[in-house]
Amino acid sequence: MSKKRALVVGASSGIGREISRQLIQSGWTVAAVARRKDKLQTLADEFPGQLQPVVHDVQETDAIPEVFAKICHNLGGLDLVIYAAGVMPPVGPHEFDTEKDLEIVQTNLIGAIAWLNEAASRFDKTGHGTIVGIGSVAGDRGRSGQPVYNTSKAALATYLEALRNRLAKRGVKVTTIKPGPVQTEMTQHLGLKGAMTASEAARRTLILADRGGEHYLSAKHRFAFFIIKRIPSPIFRRLSV
Ligand SMILES: NC(=O)c1ccc[n+]([C@@H]2O[C@H](COP(=O)([O-])OP(=O)(O)OC[C@H]3O[C@@H](n4cnc5c(N)ncnc54)[C@H](OP(=O)(O)O)[C@@H]3O)[C@@H](O)[C@H]2O)c1
């Protein structure tokens, strides 16, 4: 059987890097997209000839159609696209910084739409392929701590649901992954206790990738967020969940 080909956006660290590693260890060829060339090159050096580093800033949406086409050409096709790029800068309780907020939306949502539209258009034509977006449990409610990060993940989940409904007839799977806390560069300043490792989050993501639909990465979160989503807003405001 010929090698399967994946594109991972946000592959230079954390969950995306572990997903790239585990795909290659399972025999895939991977195009790994991110801004930091040195990190991508270190990853490529681990897997000579199996990982193509692609330096790109997802905020440069105009460049995406050409970069996407080049990746498909270089890989000789495409079977799986995973959008893992994301930012969650610290936000103070009295901070309302539009520049920072737009950066979050550009990276977590607009970049995802621009990359995944390319994937959707290709897979719609070929009737083959899987799309995975890394959302978050944070998108399930509007919390006071990270208003725009929450918003970006809620909107991403809605966009992915719509893609899933569009592409189902073509046999294309669209999967939303909602991790809880994971130990990565994004969360290192939070000193998370009991958080999942990036490697475990990647392992669980790849098990779920082909299933389509929305998935939490643990039964605990599936149960907790079933309830949290249903708490009336005035009560939710007084809780710290
Ligand atoms: N860690 C958690 O607790 C947690 C929980 C739920 C969901 N998530 C989600 O999981 C995904 C991965 O995050 P992570 O925790 O693995 O964090 P991470 O280690 O900080 O990884 C983020 C990745 O996104 C890339 N990225 C950020 N801005 C980019 C840009 N403008 N252009 C291209 N690539 C960009 C980074 O690469 P460069 O900096 O090299 O560009 C990096 O590869 C994110 O969507 C995050 O929201 C994380």
Side-chain angles (χ1 to χ4, degrees), residues 7-22 30-44 51 53-64 67-68 71 81-91 100 102-116 132-141 143 145-146 148-157 159-160 175-206 208 214-218 221 224-225:
L7 159 57
V8 181
V9 185
S12 60
S13 64
I15 300 169
R17 179 171 61 190
E18 291 308 315
I19 285 173
S20 303
R21 282 196 174 117
Q22 291 177 25
V30 173
V33 178
R35 291 168 301 181
R36 287 172 294 176
K37 191 176 178 184
D38 54 334
K39 296 259 181 194
L40 290 177
Q41 194 51 53
T42 305
L43 189 58
L51 183 136
V54 179
V55 177
H56 163 79
D57 183 336
V58 300
Q59 296 197 37
E60 289 171 14
T61 48
D62 287 352
I64 291 169
V67 180
F68 180 85
I71 288 171
V81 176
I82 299 184
Y83 193 91
V87 290
M88 188 185 70
V91 175
K100 189 188 272 189
L102 291 180
E103 171 123 13
I104 297 171
V105 174
Q106 285 285 349
T107 308
N108 300 6
L109 180 63
I110 308 294
I113 292 170
W115 272 97
L116 300 182
V132 178
I134 308 294
S136 172
V137 296
D140 280 3
R141 291 300 303 237
R143 295 166 194 232
Q146 281 283 352
V148 176
Y149 180 77
N150 292 184
T151 302
S152 71
K153 294 299 184 181
L156 178 65
Y159 164 72
L160 290 169
T175 305
T176 307
I177 300 292
K178 294 180 168 184
V182 181
Q183 294 159 20
T184 65
E185 287 181 20
M186 180 181 280
T187 54
Q188 65 191 2
H189 65 286
L190 300 174
L192 295 174
K193 288 203 182 91
M196 198 177 275
T197 63
S199 158
E200 183 59 14
R203 190 183 73 78
R204 294 186 190 199
T205 297
L206 290 175
L208 296 163
E214 275 192 13
H215 302 277
Y216 297 93
L217 287 184
S218 71
H221 283 130
F225 280 88

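All ligand and atom numbering here is 1-based and tracks the order in the structure.
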Looking at residues at least two apart in the chain, or sitting in another chain, which of them share a side chain to side chain contact (heavy atoms under 4.5 Å, CB included) with Ile113?
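By the side chain to side chain contact (heavy atoms under 4.5 Å, CB included) rule, Ile113 matches Leu109, Asn117, Tyr159.
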
Write out the residue and atom name of the closest protein heavy atom to atom 22 (C) of ligand 1, then the distance separating them to 0.1 Å.
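The closest heavy atom on the protein side is Gly86 O, 3.7 Å.
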
For atom 10 (O) of ligand 1, what's the nearest protein heavy atom and its distance?
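Protein heavy atom with the smallest distance to atom 10 (O) of ligand 1: Ile134 CG2, 3.3 Å.
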
Within residues 176-195 or reaching into it, pairs that qualify as salt bridge (Lys or Arg N to Asp or Glu O under 4.0 Å) - sequence neighbours excluded:
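Every pair satisfying salt bridge (Lys or Arg N to Asp or Glu O under 4.0 Å) with a residue in residues 176-195: Arg36-Glu185, Lys39-Glu185, Asp140-Lys178, Lys178-Glu214.
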
Nearest candidate to atom 18 (P) of ligand 1, where distance is taken over non-hydrogen atoms, out of Gly10, Ala202, Ser13, Ala85:
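Closest candidate by heavy-atom distance is Ser13.
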
Heavy-atom nearest option to atom 5 (C) of ligand 1, drawn from Ser136, Pro181, Gly180:
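Looking at heavy atoms only, the winner is Gly180.
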
Look at Glu103 together with Lys100 and state whether they make a salt bridge at an N to O cut-off of under 4.0 Å.
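Salt bridge: no.
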
With only distance considered, is Asp57 within less than 3.5 Å of ligand 1 through an N or O on each side?
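Yes; the residue has a nitrogen or oxygen that sits under 3.5 Å from a nitrogen or oxygen of the ligand.
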
Ala138 to ligand 1, any heavy atom closer than 4.0 Å:
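Outside the 4.0 Å threshold, so no.
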
Less than 4.0 Å is my threshold; does some heavy atom of Glu18 fall inside it relative to ligand 1?
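No heavy atom of Glu18 comes that close to ligand 1.
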
Give the atom numbers and elements of ligand 1 that come within less than 4.0 Å of a heavy atom of His56.
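Taking each heavy atom of His56 in turn, ligand 1 has 32 (N), 33 (C) under 4.0 Å.
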
Using a 4.0 Å cut-off to any heavy atom of Gly14, which atoms of ligand 1 qualify?
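So the atoms of ligand 1 that pass are 16 (O), 19 (O).
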
